[in-house]
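One structure is given below, represented as structure tokens, and several questions about it will come after.
Naming convention: chains lettered A, B, ... in sequence-line order (proteins, then strands); numbering from 1 in each chain. All figures in this text were calculated on a predicted structure; none of them were measured in a lab. As a basis for the values below, the full set of heavy atoms in this structure was taken, side chains included, without hydrogen atoms, waters or symmetry mates.
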Amino acid sequence: MQRINIKITEAVQKIIKELYGENVNEEQIQIQKTRKEFDGDFTLVVFPFLRFSKKSPEITANEIGDALVKNMQEVESYNVIKGFLNVSLSDEYWKNFFNEVKSNDNYGFKEVTENSNKIVIEYSSPNTNKPLHLGHIRNNLLGWSEAKIMEANGNKVIKVNLVNDRGVHICKSMLAWKELAGGKTPEDVKMKGDHFVGDYYVAFDKEYKKQIAELVANGMDEKEAKNEAKWMKQARTMLQEWESGKPEVRKLWEKMNSWVYAGFDETYKKLGVSFDKIYYESQTYLLGKEVILKALKEGKLQQKEDGTVFIDLTKDGLDEKVLLRSDGTALYMTQDIGTAILRYEDFKFDESAYVVGNEQDYHFKVLKIVLKRLGYDWAENISHISYGMVELPDGKMKSREGTVVDADDLVDEMIETAKEKSDELGKLEGFSEEEKNEIFRKIALGALKYFILKVDAKKNMTFNPKESIDFNGNTGPFVQYTYVRIQSMLSKAKDLGIENIHEYNNSEKLEQSELALLNFIYDFEDVVEEAGKRRNPSVIANYVFDLAKEFNRFYHEIPPILKEENKDLMKFRLSLSNKTAIIIKNALDLMGIEVPERM
RNA sequence: GCCCUCAUAGUUCAACGGAUAGAAUAGCAGUUUCCUAAACUGUAGAUACAAGUUCGAUUCUUGUUGGGGGUACCA
């Protein structure tokens, strides 16, 4: 069935041609949803046509409105307020629309086929020297949701992770462990491996600072002290040993990384994210080096006297960018070039998307240009899904100052709060512990995910731990609750012996709240598309909240459905509720949020 | 210095250049012989400042002020 907003657009085009003899393109025809406070379903803005009609906005709108009623049987009436033509569709249209979609659980989604666009999306990208924190949570939730939304828009999506498992920062925690741990493992102290390793990274920094302070006290200037501190020198040596493949160092590196991976796996599982392929920087940086050295030989890059390899981007309005250190070791950019190339060879993607914070906007601008200069045409299809920082009410998170919000802690606290809240309300009595815990988990993660994803991805956001745990108002649990309520009603209907809720013959005039719900249901398809185009899960969040709110209003305004004597009407309303629940479930799924059946 | 970004109720967030700038929360006032009150209803409260473009500007342009980020042989 053709989308009615498109049909109206085409009709308006024809009408303008007939009335005023002008050809207007689709972009000039602004059809929007009628705002709540006015009568109507769709609104046409007529101001752009005044120069054709040479009449007042009111007269122009009336002329077009008359013609629409005449030309389109779906259009029942219209009203004009200022330059706005509000069009009301007939009950018959809405009932037909609902009949089309009520049993289609995939309404709003496009099919993924063999010929679909292939998108590789990278997200998460952790370092193996510390556990995941709140910033990673935003990244992971966004990455997962973007992937889901891309899929819903008919793209073939491949989710990849790039683990930053090498570099001097990794050596720092290795060194501290070697010096301080006395051979202890995470098992020995019953800790999650990533937290265990992270503690040694912190320990390194503490000792390092002490050493700097000592040197400064002995008269060295600070800059020199930073370079000359014993542990820093040892860490650098360790990196060189690592690069040259010294067995002892490699072994330690593998051991500690494996601890971290076990910890990450747990966190990823808890968050409900996963990957189709994992890249390791340790496996891509050599390719990056190779490609750069080759390009240098071909004269595409430049070299300084000390051996530094760089690219001059001043013509692109950027600076000179170093691609290899003077000692020949790799940088972040070096490995990212390697990874990008490897990824193209692996997947021959149509698009390669990176979910990475906006602090790296410059990095990705450079990456794209460098790859193009090196002759990789597909670099044009690299996109950076840039998102804003997460700040705490009292400022930015700083790992060194201990103001980070740990990912595992946060999730655990949310679950604990969900449990308290539920006990307080006396819900879930008579459930087994296992069932209850599963529900708490869904609610807690629903709250967290919704809280983070409802904010426009590209904007910085403030994370207030207290408010994020809220389960009322514009929150995940509010939406989940609406779903649960509908499930409860549907199962009660079944208990009453009401079967085949999609089979009815509703001849009643539609109520305002029913029309409002139908409009929301209609919108879902456009919302999914918009979220995809804008690369923004918040579009979904805003929509599903409004839908849930609208349903709750409907639920209160309409007399109890299960007591409705007109069985056709009752079934229609049950079917409408059921459809609402399915859309809630599908929309939340696009955000990685699960729905409980009871709560 | 240069580049990029952001600024909306007390607070956290919305608003393809369109109508009277929406929600949530905190505040105040209500709703349960009725399908889950984690709900619903009412009330009060905001576009940093100054110009410009436009029929129309929170949205676009310029300037001012104030945040954030980048400009590393860190990632």
Ranking A75(B), U41(B), C55(B) by distance to the side chain of R166(A), first place goes to A75(B)
Side-chain contact check for T462(A): nearest option of C35(B), U12(B), A75(B) is U12(B)
Which part of the nucleic acid, if any, lies within reach of I558(A) when heavy atoms closer than 4.0 Å are counted: base, sugar-phosphate only, or nothing? base
On a whole-Å scale, what distance lies between the C1' atoms belonging to G52(B) and A46(B)? 24 Å
With the side chain defined as heavy atoms from C-beta on, I561(A) is closest, among C13(B), A21(B), C35(B), to C35(B)
Using a heavy-atom cut-off of under 4.0 Å over every strand shown, decide if Q360(A) touches base, sugar-phosphate, or nothing. base
Are any of R485(A)'s side-chain N or O atoms less than 4.0 Å away from OP1 or OP2 of C40(B)? no
Query raised in the report: Base, sugar-phosphate alone, or nothing: which one does R573(A) contact when heavy atoms must sit under 4.0 Å apart?
Result: nothing
Between G473(A) and V484(A), the residue closer to the 5' end of RNA chain B by nearest nucleotide is G473(A)
note: M389(A), atom CE; G70(B), atom C1'; distance rounded to Å ~ 11 Å
Margin query: Taking the C1' atom in each of U20(B) and A15(B), what is the distance between them to the nearest angstrom?
Written below: 14 Å
Margin query: Check this for me, if you would: do K55(A) and E63(A) make a salt bridge, where the nitrogen-to-carboxylate-oxygen distance has to be below 4.0 angstrom?
Written below: yes
For U41(B) versus C55(B), give the span between their C1' atoms, rounded off to a whole number of Å. 39 Å
Y362(A) OH to C2(B) C1', in whole Å, measures 11 Å
Atom CZ of F545(A) and atom C1' of A38(B) are separated, to the nearest Å, by 13 Å
Do the side chains of R573(A) and E514(A) get close enough for a salt bridge, i.e. N-O under 4.0 angstrom?
yes
Geometric cation-pi criterion, R138(A) with F463(A): 6.0 Å, 45°: no
Report task. Measure distances between side-chain N and O atoms of S488(A) and base N and O atoms of C35(B), and say whether any donor-acceptor pair falls under 3.5 Å. Result -> no
### Spacing of the C1' atoms in G45(B) and C6(B) (rounded, Å)
24 Å
Query raised in the report: Which is true for M599(A) with a 4.0 Å heavy-atom rule: it touches a base, it touches only sugar-phosphate, or it touches nothing?
Result: base
(Q) At 4.0 Å (heavy atoms only), tell me whether T308(A) reaches a base, stays on the sugar-phosphate, or touches nothing. (A) base
Report task. Using a 4.0 Å heavy-atom cut-off across all strands, classify F478(A) as base, sugar-phosphate, or nothing. Result -> sugar-phosphate
query: With rounding to whole Å, what would you report as the distance between G18(B) and C13(B) at their P atoms?
result: 23 Å
Short side-chain N/O contact from R553(A) to OP1 or OP2 of U41(B), under 4.0 Å:
yes
Within the structure shown, what part of the strands sits under 4.0 Å from K459(A) by heavy-atom distance: base, sugar-phosphate, or nothing? sugar-phosphate
Distance under 6.0 Å and angle within 45° of ring axis: K304(A) vs F310(A):
yes
Shortest non-hydrogen pair, G357(A) vs M389(A), comes out as CA-CE, 4.4 Å
task = Report yes or no: is the ring centroid of F38(A) under 5.5 Å from the six-membered base ring centroid of A19(B), with the two planes under 30 degrees?
result = yes
To the nearest angstrom, the NE2-P distance between H556(A) and C34(B) comes to 14 Å
Item checked: Rounded C1' spacing from C40(B) to A57(B) in Å -> 36 Å
Note to self: What contact category does V45(A) fall into here, base, sugar-phosphate, or nothing, at under 4.0 angstrom with non-hydrogen atoms?
What the structure shows: base
- Query: Which whole number of Å gives the distance between the C1' atom of A14(B) and that of U25(B)?
  - Reply: 14 Å
Answer yes or no: side-chain N or O of Q30(A) and base N or O of C16(B) forming a donor-acceptor pair under 3.5 Å. yes
Atom CG of D456(A) and atom P of A15(B) are separated, to the nearest Å, by 6 Å
Item to check | N/O (side chain, K549(A)) to phosphate O (OP1/OP2, A24(B)) under 4.0 Å | outcome: yes
ask   = Taking atom C1' in both G10(B) and U53(B), what distance in whole Å separates the two?
value = 35 Å
message: If the cut-off is 4.0 Å, is K427(A) near the phosphate of A38(B), judged by side-chain N/O to OP1 or OP2?
response: yes
Against the side chain of E359(A), the closest entry in A38(B), C16(B), G70(B) is G70(B)
Checklist entry - Is any side-chain N or O of K321(A) closer than 4.0 Å to OP1 or OP2 of A72(B)? => result no
Distance to the ring centre below 6.0 angstrom and angle to the axis at most 45 degrees; does that hold for K567(A) and Y504(A)? no
Between NZ of K365(A) and P of U71(B) the distance, given in whole Å, is 12 Å
Winner on side-chain proximity to D319(A), out of A38(B), U12(B), U71(B), is U71(B)
Worksheet entry | Check: N437(A) and R441(A) side chains under 4.5 Å, non-hydrogen atoms | no
Does a side-chain N or O of K82(A) approach OP1 or OP2 of U20(B) to a distance below 4.0 Å, or not? yes
Rounded to whole Å, the CD1-P distance (I292(A) to C73(B)) equals 14 Å
RNA chain B nearest-nucleotide lookup for N464(A) and D546(A): closer to the 5′ end is N464(A)
- Item | Ring-on-base stacking A19(B) with F84(A) (under 5.5 Å, under 30°) | yes
Separation of U11(B) atom P from N472(A) atom CG, nearest Å, is 22 Å
**Report entry** A14(B) base / S538(A) side chain donor-acceptor hit below 3.5 Å
**Finding:** no
With a 6.0 Å cut-off on the ring centroids, do F554(A) and F551(A) count as close?
yes
Do N86(A) and T43(A) have side-chain N/O donor and acceptor atoms under 3.5 Å apart?
yes
